Number of protein chains: 2
Amino acid sequence: MAAFRLLPDAKHFTGGGKTLSEEGESGLAVRRPQRDETKPSRQLEVAGARGPEPVQTLAETVAARIREQVISGMLTPGSHLSELTLSEELQVSRNTLREVFRLLTKEGLLRYEANRGVFVSTPSMSTIIDIYRVRRFIECSAMAQAHPRHPGARNMRAAVETAHHCREARDWLGVGSADIAFHAAVVELADSPRLSSFYAQISLELRLVFGLLQDPEFLHGPFIDQNLTILTELENGRPAVATEMLEAYLLRAERFILGAYARIAER
Amino acid sequence: MAAFRLLPDAKHFTGGGKTLSEEGESGLAVRRPQRDETKPSRQLEVAGARGPEPVQTLAETVAARIREQVISGMLTPGSHLSELTLSEELQVSRNTLREVFRLLTKEGLLRYEANRGVFVSTPSMSTIIDIYRVRRFIECSAMAQAHPRHPGARNMRAAVETAHHCREARDWLGVGSADIAFHAAVVELADSPRLSSFYAQISLELRLVFGLLQDPEFLHGPFIDQNLTILTELENGRPAVATEMLEAYLLRAERFILGAYARIAER
DNA sequence: TGCAGCTTGATTGTTCAACACTATAGACAT
DNA sequence: ATGTCTATAGTGTTGAACAATCAAGCTGCA
């Protein structure tokens with residue numbers, strides 16, 4: 001799964017570059033239909049089979065694609081997303097693209113500037129602080145009231161395992177995803193769809209931060225073992241201990257990220 | 001650059017308690033201002049606006065308007081919002097309206113159904129349960145860690161006072177707003193912009209529920225005094241007591257709302 | 001030189017009219 | 001009544017237009 005199709009180069013989006021990708025082949029791009037000749041079905045479906053959401057509108061598909069571009073670091077924070085250029089590259093109309101921008105702006109990944117367009121939002125120091133405040137707030141509360149045999153715990157375990165696999169494979173992006181999945185599972189313990197979806201949004205912003213920082217091994221490496229310990233405490237019926245460890249984890253992670261951020265910011 | 005400017009046809013957007021439909025345009029059928037004659041500046045700004053966001057795009061303005069229609073109960077849950085009809089009534093193009101729909105869908109006020117359009121989302125029993133779960137989760141945590149002299153406390157007091165004024169004036173919609181403002185101020189105690197904006201969204205959904213229920217006096221009346229008590233406890237340096245009372249308040253309110261909901265649902 | 005004002009592209013904001021696709025309501029046959 | 005078929009209305013998406021705005025280059029002139 002997760003076969004990311006990525007644009008050749010992020011520089012295309014920074015306004016300056018001129019090399020447009022021709023990219024005539026598959027992916028999920030629809031070919032521009034010529035009115036009089038062949039008319040390919042424009043209503044498209046997404047490859048991924050599972051999911052109770054069989055239809056997805058073009059705007060949502062494109063949104064998902066740009067989202068991936070952003071969190072994979074291919075679209076760097078601060079870069080300008082030109083409506084014209086992007087609509088040509090992604091083979092969608094400007095109108096559709098604008099709908100996409102609305103979606104992603106609400107998600108916090110993009111930022112509007114009046115009459116100047118959209119930019120990939122650039123997390124600041126205070127962004128990081130706020131994100132971690134929210135994380136402590138939500139995750140710790142969820143953990144504190146958790147039942148050890150809650151289904152969320154199973155997802156936590158699964159996340160820990162994939163994290164280990166990815167570490168062995170030196171797939172640091174995967175490790176990051178698994179780490180986030182672990183903590184999303186923690187939030188699941190609270191049994192609240194709204195809380196979970198909010199947390200998912202926060203995670204997205206966090207990934208933006210991760211993309212900003214280099215050296216992902218150093219970034220995620222030290223933390224995946226702590227996740228395992230926390231999970232074990234929970235499973236052994238000591239949610240209070242697990243909560244305490246979780247809070248310590250989050251405080252440490254925050255300091256860690258802030259430090260890395262400051263280091264690259266002072267350049 | 002912060003010069004405020006009202007555009008000529010801003011009156012269209014100040015909706016005066018009437019339906020969405022427009023006052024009868026002189027001349028015949030829905031004619032939109034043609035380019036060469038009247039040219040109202042379409043780039044508009046909102047008057048009040050103490051925020052750092054001086055400019056507002058048409059889509060955002062329209063979104064604000066529909067939002068009000070929804071929470072004021074003028075647009076009832078479940079009703080279908082036709083793109084064509086609404087775009088004519090609001091004097092905006094279908095494309096702009098679709099951007100608006102994207103915005104409001106992300107906010108949870110509207111719901112998309114593939115190829116069938118958007119509907120005002122209808123809160124269910126589980127919606128209410130989830131909303132109150134989140135409220136207890138967030139508000140209680142915020143209260144528990146609050147400092148008595150936090151600026152949020154001032155806002156809490158202000159909300160209590162307007163609630164009383166509105167009650168005297170029999171303005172029950174105002175009472176509802178003040179109640180929500182009070183609890184938003186509670187969340188402010190946590191000092192997290194993201195948490196506050198999330199809570200604002202939850203509040204919106206809750207207002208949707210309120211709009212569904214009749215008898216607003218019965219709905220809000222009993223609760224505004226409890227807010228005052230909670231505030232007093234906080235100000236007197238007993239956040240623990242305040243938290244306890246807050247949780248009790250929320251549990252009671254949830255039962256209350258659920259009961260009212262069930263009563264109207266079985267009809 | 002320095003700088004205020006004007007001109008000029010480039011880009012966003014918004015609209016329009018068209019067409020493709022889908023769902024639903026009737027008409028019809030069973 | 002039940003099921004199939006066809007209009008039809010409404011959504012999904014497009015490309016082209018124009019208006020409003022921003023950014024930068026150019027001018028004229030103290």
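Everything quoted here is computed from the prediction, not taken from an experiment. Just so it is clear: chains get the letters A, B, ... in the order the sequence lines come, proteins before strands, and each one is counted from 1.
At least one cation-pi condition fails for Arg194(B) and Tyr199(B): the charged atom is not both under 6.0 angstrom from the six-membered ring centre and inside a 45 degree cone around its axis. Both tests do not hold together for Arg102(B) against Phe101(A): distance to the six-membered ring centre under 6.0 Å, angle to the ring axis within 45°.
Rounded to whole Å, atom P of dA9(D) lies 18 Å from atom CG of Asn115(B). The distance between atom CD of Glu60(A) and atom P of dT11(D), rounded to the nearest whole Å, is 16 Å. Between Tyr112(A) atom OH and dC22(D) atom P the separation is 16 Å, expressed in whole Å. The separation between Phe101(A) atom CZ and dT14(C) atom P is 15 Å, rounded to whole Å. dA23(C) atom P lies 11 Å from atom CD of Glu113(B), rounded to whole Å. Across the protein-nucleic acid pair, Arg94(B) atom CZ and dA9(D) atom P stand 15 Å apart, rounded to whole Å. For the pair Leu81(B) CG and dT11(D) C1', the interatomic distance rounds to 13 Å; values are reported in whole Å. Atoms CG (Leu58(B)) and C1' (dC16(C)) sit 15 Å apart, rounded to a whole Å.
Closest approach to the His80(B) side chain among dA23(C), dG10(D), dT14(D) is made by dG10(D) (side chain taken as heavy atoms from C-beta onward). The side chain of Ser82(A) lies closest to dT12(C) when the candidates are dA23(C), dT12(C), dT13(D). Among the nucleotides dC16(C), dG13(C), dT11(D), the one closest to the side chain of Glu83(A) is dG13(C).
Both Arg116(A) and Gly117(B) sit near DNA chain D, but only Gly117(B) has its closest nucleotide nearer the 5' end. If Thr96(A) and Leu84(B) are placed on DNA chain D by their nearest nucleotide, the residue sitting closer to the 5' end is Leu84(B).
Side chain to side chain, Ser177(A) and Arg207(A) meet the donor-acceptor criterion of an N or O pair below 3.5 Å.
The pair Arg111(B)-Glu113(B) counts as a salt bridge, with a side-chain nitrogen and a carboxylate oxygen less than 4.0 angstrom apart. Under a 4.0 Å N-O distance rule, the pair Glu107(B)/Lys106(A) qualifies as a salt bridge.
Side-chain atoms of Asn95(A) come within donor-acceptor range of the base of dG15(D), with a qualifying N/O pair under 3.5 Å.
Counting non-hydrogen atoms under 4.0 angstrom, Leu97(A) reaches nothing in the nucleic acid.
OP1 or OP2 of dG12(D) lies within a sub-4.0 Å distance of a side-chain N or O belonging to Arg98(B). Of the side-chain N and O atoms in Thr57(B), one or more sit less than 4.0 angstrom from OP1 or OP2 of dT14(C).
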